S.K.: 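Following this message is one structure expressed as structure tokens.
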Amino acid sequence: MKKFITFSSSAVPIPMEDIDTDQIIPARFLKSTSRDGFGANLFRDWRYDQKGEQKADFILNNTDYSGSILVCGKNFGCGSSREHAAWALADYGFRVVVSSFFADIFKNNALNNGLLPITVSDEQLHTIFEIIEKDPEATFDVSLEDQKFSCAKEHLSIDFSIDPFKKTCLLEGMDTIDFLISKRDLIQKFESTHLVY
Amino acid sequence: MNQSIFDKIWNRHVVEKIDDRQVILYIDQHFIHEVTSPQAFEGLKKRGIGVFNTRRTLGTADHNVPTINQDQPIKDPLSRKQVEQLTSNCEQFDVKLYDLVHPKQGIVHVIGPEQGLTRPGMTIVCGDSHTSTHGAFGCIAFGIGTSEVEQVLASQSVLQVKPKQMRIKINGPLMNGVGPKDVILYIISKLGVGGATGHFIEYAGTTIENMSMEGRMTVCNMSIEMGARGGLIAPDQKTVEYLSTRKEVVENWESSVHYWSELKTDKEATFDLEFEFDAADVTPMITYGTNPGMGIKIDQKIPELSGASFEKSLNYMGLSTGQNLLNMPIDYVFIGSCTNSRIEDLREVAQFVKGKKKADHVIVFVVPGSQEVARQAKSEGLDKILEEAGFEMRGAGCSACLGMNEDKIPAGKYCVSTSNRNFEGRQGPGARTLLCSPLTAAAAAIEGKIVDVSKALIA
């Protein structure tokens with residue numbers, strides 16, 4: 001996993017609630033056996049009509065909006081556990097998703113792929129949507145080290161929380177699987193006395 | 001003594017605490033399928049390591065598989081490749097596999113319990129959100145992502161933060177024509193699609209106690225539709241009876257039964273959130289929108305709500321606020337999925353449709369959850385009853401639950417479905433899903449429209 005470094009970017013807003021992982025990447029596009037290339041089908045059925053033509057009213061097809069921060073309504077990533085949703089977002093170029101509420105499995109999947117989910121309050125989310133609506137090019141700063149999401153021009157500064165272990169993993173680009181492999185002896189010892197009924 | 005069942009099982013499986021929140025949690029049983037495992041095996045290959053404990057993982061092919069001509073090669077090359085990849089990965093890494101032609105093949109959440117691999121007190125994971133199903137046996141079962149699948153393959157453990165806990169009690173008898181699916185759709189409609197996020201649920205109360213193991217699986221299955229990490233039910237005599245016919249997979253039956261009998265939530269245990277419902281308030285339910293929380297009693301009108309998400313949802317469904325769904329014509333009926341494809345579901349449907357015929361304009365397919373369920377249905381003559389009613393019996397698989405295999409609902413068509421998700425495009429691009437119980441689905445198939453099955457039964 002790449003190290004997560006401080007960056008600035010404009011943001012793409014999708015002010016819809018309960019965006020499920022079937023919308024992020026529909027099941028019929030989960031047939032790959034690799035982790036790459038899912039970005040092409042990110043939000044497939046919102047982005048394209050059934051003939052494969054771009055839908056003009058969807059935000060990702062609007063050139064006024066760009067950037068590596070996605071801002072969405074509450075309960076983002078609900079539904080299926082498919083990690084393909086996180087892969088699709090990262091492959092498309094997003095590095096941060098901001099919402100007032102994330103589904104649990106999606107949150108874990110995102111963190112395991114260097115995609116940072118930032119949880120803000122409903123009011124803060126509303127303010128962020130307003131800032132982007134006023135100026136689609138408004139720039140936001142993301143500092144994981146300081147756990148801050150801010151927009152200097154609009155005097156917005158939000159402190160966000162993150163699990164300390166996950167923070168370390170992201171900052172150091174640490175792989176959780178390598179970490180568990182390093183614990184194999186300990187796990188083996190546990191297993192030798194653990195009863196499964 | 002103030003521990004919940006969840007606390008007791010969790011604590012027995014903590015290998016190490018990493019910090020105040022993260023633990024290494026040992027996993028007793030891991031299930032894999034073709035969609036969420038290939039990248040995890042790829043990871044093992046890159047690292048040059050094997051599966052840590054091959055005895056604790058079982059694979060099956062379910063999501064991508066056709067439900068007709070299952071003995072022939074899969075037509076879609078990408079689906080075929082994914083299923084073949086699962087086979088070669090299981091061979092290479094010495095993992096047991098129930099492939100498409102295996103007599104024990106089926107939907108992963110149907111075959112686990114069926115084979116006695118799902119038992120009280122266990123920790124169970126699978127790269128699938130409906131892993132919550134297994135909680136019906138009093139175990140901690142939850143869905144994980146592919147990176148976590150790789151964690152389990154590599155170490156038989158996952159890194160997890162202990163969730164908060166919620167208890168949902170429901171008491172009293174269910175009225176005629178109302179079943180476990182109605183109960184869970186009712187609960188989700190009350191709590192909302194994100195109402196249990198961050199929590200693990202314990203379901204309790206006499207309504208739950210009186211349910212069969214199959215009914216309990218239906219309830220636990222849909223815990224994720226409220227955002228819960230999982231849902232469990234205390235094991236009891238019914239749980240033991242169910243497992244007693246699968247004794248051969250339990251190493252020490254007597255001591256296991258003893259352990260299971262003590263696996264209860266202490267009286268003094270506290271929960272972060274508690275809810276209580278009355279079974280008398282539950283009537284046949286149906287969803288009208290594009291998430292499982294958008295459910296109503298079948299004779300109610302679509303609520304007058306507003307907001308961009310709500311409007312988008314109704315627009316997709318071709319429905320409007322204030323509309324009553326009763327008597328609305330439908331196009332398809334799908335009876336299947338890890339929520340409602342067990343023998344009890346098929347028995348209930350067959351009993352209702354015996355001697356009746358489906359409406360001419362409706363296409364109905366019934367997809368058993370496993371080959372074993374299909375065999376049992378056949379031995380009881382259920383397949384004949386269903387076929388005489390014009391219902392098509394298919395082979396085992398996830399089928400039209402998720403629009404990934406050949407079984408899809410065409411754009412714009414209404415499908416009354418016993419599955420678990422009504423998301424946009426879930427059953428195929430543009431498909432419109434109405435979630436309900438097997439009995440309500442059977443009644444819709446016969447009448448060709450949405451009807452209140454509790455009234456139909458009285459009539």
Side-chain angles (χ1 to χ4, degrees), chain A residues 15-23 26-35 44-46 50 73-75 78-87 101-106 108-110 112-113 163-166 175-181 183-184 186-191 194-197, chain B residues 15-16 18-19 21-22 24 26 28 35-36 38-39 42-43 49 52-53 64 78-79 81-82 85 119-122 127-129 143-148 150-151 154-157 159 161 193-194 197-198 227 229 255-256 259-260 291 308-309 312 402-404 411 421 423-426 429-430:
Chain A
M16 305 295 288
E17 294 175 357
D18 305 318
I19 295 177
D20 59 80
T21 52
D22 272 86
Q23 307 317 311
R28 63 188 190 280
F29 299 110
L30 306 185
K31 297 183 184 185
S32 170
T33 52
S34 82
R35 288 172 186 245
R44 174 74 200 198
D45 295 334
W46 290 6
Q50 284 174 32
K74 72 175 179 194
N75 199 23
C78 60
S80 155
S81 64
R82 60 190 70 165
E83 195 161 311
H84 312 65
W87 298 336
F101 194 87
F102 287 96
D104 292 323
I105 307 178
F106 173 80
N108 269 347
N109 288 341
N112 282 333
N113 285 279
D163 197 88
F165 179 76
K166 293 290 182 190
D175 185 311
T176 53
I177 296 151
D178 283 342
F179 175 79
L180 282 171
I181 291 169
K183 298 280 184 182
R184 273 179 150 196
L186 183 74
I187 296 165
Q188 208 137 36
K189 203 173 147 205
F190 175 90
E191 195 175 50
H194 173 71
L195 288 173
V196 180
Y197 292 103
Chain B
V15 177
E16 189 182 45
I18 305 301
D19 56 28
R21 290 171 53 78
Q22 291 282 340
I24 299 177
Y26 185 79
D28 294 328
V35 182
T36 57
Q39 295 85 354
E42 199 54 39
I49 58 167
F52 183 77
N53 186 338
N64 251 316
L78 291 174
S79 294
K81 189 183 166 205
Q82 214 171 38
Q85 187 73 56
R119 300 191 295 275
M122 285 179 124
D128 191 286
S129 60
I144 54 176
T146 298
S147 296
E148 292 167 315
E150 192 178 340
Q151 289 181 7
S155 70
Q156 203 53 43
S157 305
L159 285 162
V161 172
V193 70
T197 301
R229 279 311 261 132
S255 66
S256 292
Y259 171 68
W260 300 338
N291 75 53
S309 305
K312 186 177 193 302
L402 87 165
M404 183 161 192
R421 286 185 176 138
F423 296 149
E424 280 185 36
R426 174 78 180 180

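Since we're looking at a predicted model, the values are computed, not measured. Note: hydrogens, waters and symmetry copies are ignored here, and every other heavy atom, side chains too, is used. Below, chain A is the first sequence line, B the second, and so on; all start at residue 1.
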S.K.: Between B:Glu16, B:Gln82, B:Gln39, which has the largest tally of heavy atom pairs under 4.5 Å with chain A?
M.R.: B:Gln39

S.K.: For the side chain of B:Lys81 and the backbone of A:Lys31, is there at least one donor-acceptor N/O pair under 3.5 Å apart?
M.R.: no

S.K.: With a 4.5 Å limit on heavy-atom distance, are the side chains of B:Phe52 and A:Leu180 in contact?
M.R.: no

S.K.: Given side-chain contact (heavy atoms from CB on, under 4.5 Å), test A:Asp20 with B:Asn291 step by step and report yes or no.
M.R.: CA-CA 9 Å; A:Asp20 59 80; B:Asn291 75 53; over 6 Å; no

S.K.: Roughly how far, to the nearest 0.5 Å, is CZ of B:Arg229 from CG of A:Asn108?
M.R.: 6.0 Å

S.K.: Please state whether the side chain, the backbone, both or neither of B:Leu402 comes within less than 4.5 Å of a heavy atom of chain A.
M.R.: both

S.K.: Quick one: of B:Gly430, B:Gly143, B:Ala154, who has the most non-hydrogen atom pairs under 4.5 Å with chain A?
M.R.: B:Ala154

S.K.: Look at A:Trp46, A:Phe29, A:Phe106 and state which one has the largest set of heavy-atom pairs under 4.5 Å with chain B.
M.R.: A:Trp46

S.K.: Run B:Ser147 and A:Glu83 through side-chain contact (heavy atoms from CB on, under 4.5 Å) and show every step you take.
M.R.: CA-CA 8 Å; B:Ser147 296; A:Glu83 195 161 311; 2.4 Å; yes

S.K.: A:Asp104 side chain to B:Thr197 main-chain N or O, any donor-acceptor pair under 3.5 Å?
M.R.: no

S.K.: Considering residues at least two apart in sequence or located in another chain, which fulfil the salt bridge (charged side-chain N to carboxylate O under 4.0 Å, His left out) criterion with B:Arg21?
M.R.: A:Asp163

S.K.: Quick one: which of A:Ile181, A:Ile19, A:Asp22 has the most heavy-atom pairs under 4.5 Å with chain B, could you say?
M.R.: A:Asp22

S.K.: CG/B:Leu159 to NZ/A:Lys183 distance, rounded to the nearest 0.5 angstrom?
M.R.: 9.5 Å

S.K.: side-chain contact (heavy atoms from CB on, under 4.5 Å) between A:Phe179 and B:Gln151: does it pass, once the steps are laid out?
M.R.: CA-CA 9 Å; A:Phe179 175 79; B:Gln151 289 181 7; over 6 Å; no

S.K.: Show the nearest heavy-atom pair for residues A:Asn109 and B:Glu148, with the distance to one decimal.
M.R.: OD1-OE1, 4.1 Å

S.K.: So which atom in B:Ser129 and which in A:Ser80 form the shortest heavy-atom distance, rounded to 0.1 Å?
M.R.: OG-CA, 3.7 Å

S.K.: If we only count heavy atoms from C-beta on, is the A:Arg28 to B:Pro429 side-chain gap below 4.5 Å?
M.R.: yes

S.K.: Going through the distances and angles, do B:Ile49 and A:Arg184 end up as a side-chain contact (heavy atoms from CB on, under 4.5 Å)?
M.R.: CA-CA 12 Å; B:Ile49 58 167; A:Arg184 273 179 150 196; 4.0 Å; yes

S.K.: Counting heavy-atom pairs under 4.5 Å with chain A, which one of B:Met122, B:Gln156, B:Glu150 comes out on top?
M.R.: B:Glu150

S.K.: Find the one option among B:Ser157, B:Gly43, B:Gly227, B:Gly425 whose heavy-atom pairs under 4.5 Å with chain A are most numerous.
M.R.: B:Ser157

S.K.: Taking all heavy atoms of B:Pro38 and all of A:Ser32, pick out the closest pair and write down the distance.
M.R.: CG-O, 4.4 Å

S.K.: Does a side-chain heavy-atom distance below 4.5 Å link B:Asp28 with A:His194?
M.R.: yes

S.K.: Give a yes or no on whether the backbone of B:Glu424 and the side-chain of A:Gln23 come within a donor-acceptor separation of less than 3.5 Å.
M.R.: yes

S.K.: Tell me, side chain or backbone of A:Asn113 under 4.5 Å from chain B's heavy atoms, or both, or neither?
M.R.: side chain

S.K.: What part of B:Tyr259 gets closer than 4.5 Å to chain A, counting heavy atoms only: side chain, backbone, both or neither?
M.R.: side chain

S.K.: Any non-hydrogen side-chain atom of A:Tyr197 less than 4.5 Å from a side-chain atom of B:Pro120?
M.R.: no

S.K.: Using 0.5 Å steps for rounding, measure from the OH atom of B:Tyr26 to the CG atom of A:Leu186.
M.R.: 12.5 Å

S.K.: Quick one: does B:Arg426's side chain have a donor or acceptor within less than 3.5 Å of a partner on A:Ala27's backbone?
M.R.: no

S.K.: Should A:Ser34 and B:Glu42 be marked as a side chain to side chain donor-acceptor pair (under 3.5 Å) after you check the CA-CA gap, both sets of side-chain angles, and the distance that decides it?
M.R.: CA-CA 8 Å; A:Ser34 82; B:Glu42 199 54 39; over 6 Å; no

S.K.: Taking the side chain as C-beta and beyond, is there a heavy-atom pair between A:Lys189 and B:Val15 under 4.5 Å?
M.R.: no

S.K.: Taking the side chain as every heavy atom from C-beta outward, state whether B:Thr146 and A:Trp87 have any pair of such atoms under 4.5 Å apart.
M.R.: yes

S.K.: Applying side-chain hydrogen bond (donor to acceptor under 3.5 Å, both in side chains), can you list everything that pairs with A:Thr21, at least two apart in sequence or on another chain?
M.R.: none

S.K.: I'd like to know if the side chain of A:Glu17 and the backbone of B:Ser309 have a donor-acceptor N/O pair within less than 3.5 Å.
M.R.: no

S.K.: I need the minimum non-hydrogen distance between A:Ser81 and B:Gly127, along with the two atoms involved.
M.R.: OG-C, 3.5 Å

S.K.: So how far is it from A:Leu30 CG to B:Leu78 CG, rounded to the nearest 0.5 Å?
M.R.: 11.5 Å

